[in-house]
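Report on the following structure.
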Amino acid sequence: MPIDDITATLPLVDHHCHGLFPADLDDERLADSLSEAFAPAPPGTSHWDKPVALSVRRRCAPVLDLEPFCAPAAYAERRRAIGAVAVNRRFLAASGIGTYIVDSGNRPEELCSVSEVGAIAGAPAREIVRMESVAERVAESGMSAGGFARAFEAALRGSLGEGVGGLKSILAYRATLRIDYGKPSDAEVETAAGRWLAEIEETGTVRLTDPVLERHLIWTGADIARERGFPIQFHIGIGDPDIELHRVDPSHLTPWIKAVEPWGFPITLLHCYPFHREAGLMAENFPQVYFDVGFALNWMGPSYQRIMDEALELVPFTKQLFSTDAFGLAELYYMGALRFRTALARALGRWVEDDECSVAEAERIAAMIGVENARRIYKV
Ligand SMILES: [Zn+2]
């Protein structure tokens with residue numbers, strides 16, 4: 001069979017994505033959505049002049065019945081003519097993704113809900129609870145510093161409805177991964193919570209960045225993950241403008257990973273670029289660690305193949321996962337799935353050609369990475 005067929009019909013499990021923009025986007029908003037900074041391009045330049053946007057014009061334009069490489073303005077206009085609801089349905093159907101595991105905690109006011117993603121796709125959707133969002137809601141609701149630790153745990157447990165499949169930490173964005181990973185004492189948490197609540201009072205901004213509180217979150221999350229067999233997702237490397245890149249290498253997490261290893265719950269490293277080789281090595285070294293390169297496959301545009309080739313270098317086939325990391329734009333679910341299918345089929349096809357792998361083994365590996373590993377650890 002043609003090698004591309006080994007991934008063509010896999011009912012992929014997207015283990016990390018966000019909600020969709022429910023309404024039409026004007027030209028500016030569409031262009032800004034193609035930026036990780038979510039900010040306007042510098043004067044005299046356009047966000048359409050980058051790899052991911054070039055790929056949208058090449059790969060997504062035909063899904064909207066446009067010629068490849070049509071002008072950005074024509075693309076934006078056609079998108080509005082079809083309407084956001086139909087655009088979202090069209091791209092999600094074309095993606096062939098079978099299950100969506102959705103982070104509900106990132107700017108939820110701009111995106112549709114987890115169940116709406118499922119309804120648009122006509123596929124099951126599970127929720128991942130972002131621990132920092134829960135902590136920030138708790139802080140906003142007003143309490144004493146001494147009550148924070150308990151209130152957070154109660155709120156986190158209270159947020160674990162039936163559709164929830166795991167927890168997420170964005171420690172990397174907030175305190176960075178270069179921190180002490182010891183479990184903080186009650187007194188330390190109370191002092192840090194007092195500092196944070198005073199800061200909220202003073203600035204009116206609710207944003208958790210304190211390393212002691214972050215440690216409290218991940219240790220509380222670990223207790224729950226251990227009880228329920230939930231994965232905890234960690235944001236790694238690329239994926240938000242507020243990272244300090246040299247402090248988000250996943251190897252900084254090693255002491256914590258070692259500390260919770262006996263508890264057995266899965267730890268999934270998200271995005272990972274440019275540390276996908278480090279992440280692959282950690283997945284090889286630690287039985288409970290998994291990783292993906294979803295974000296990079298989309299955002300590297302035409303260079304996606306190299307990312308997949310590197311991702312496959314070392315990691316056990318049982319430890320790599322598929323994700324799109326799509327946020328808002330339906331195009332990113334479609335293109336993320338397309339890039340994954342093409343890149344994996346080509347990489348494995350080359351192994352078959354070189355007589356390093358059989359077609360039957362290639363099929364088995366593709367099914368593990370695209371579907372089965374996520375089904376096993378997220379229990380979907
Ligand atoms: Zn993400």
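Start at 1 and go down the list; that is how both ligands and their atoms are numbered.
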**Polar side-chain atom of Q288 near backbone of I257 as donor-acceptor pair, under 3.5 Å** =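 Side chain of Q288 to backbone of I257, a donor-acceptor pair under 3.5 Å: yes, one is there.
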**Heavy-atom donor-acceptor pair, H252 side chain to P255 backbone, under 3.5 Å** =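 Checked: no pair found.
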**Message:** With carbon and hydrogen excluded and only N/O/S kept, which atom of D325 is nearest the Zn ion (ligand 1)?
**Reply:**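 Within D325, restricted to N, O or S, the Zn ion (ligand 1) is closest to atom OD1.
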**Message:** Just checking: D103, one of its N/O/S atoms, less than 2.8 Å away from the Zn ion (ligand 1), yes or no?
**Reply:**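 It does not: D103 brings no N, O or S atom closer than 2.8 Å to the Zn ion (ligand 1).
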**Message:** Show every side chain to side chain donor-acceptor pair (under 3.5 Å) that has at least one partner inside residues 37-64, sequence neighbours left out.
**Reply:**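 Residue pairs with at least one partner in residues 37-64: S55-R339.
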**Prompt:** Which value, rounded to 10°, describes the NE2(H18)-the Zn ion (ligand 1)-NE2(H16) angle?
**Reply:**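 An angle of 100° at the metal.
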**Request:** Flag the pair H271 / H276 as yes when their ring centroid distance falls below 6.0 Å, and as no otherwise.
**Result:**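 Ring-ring flag for H271/H276: false, centres at least 6.0 Å apart.
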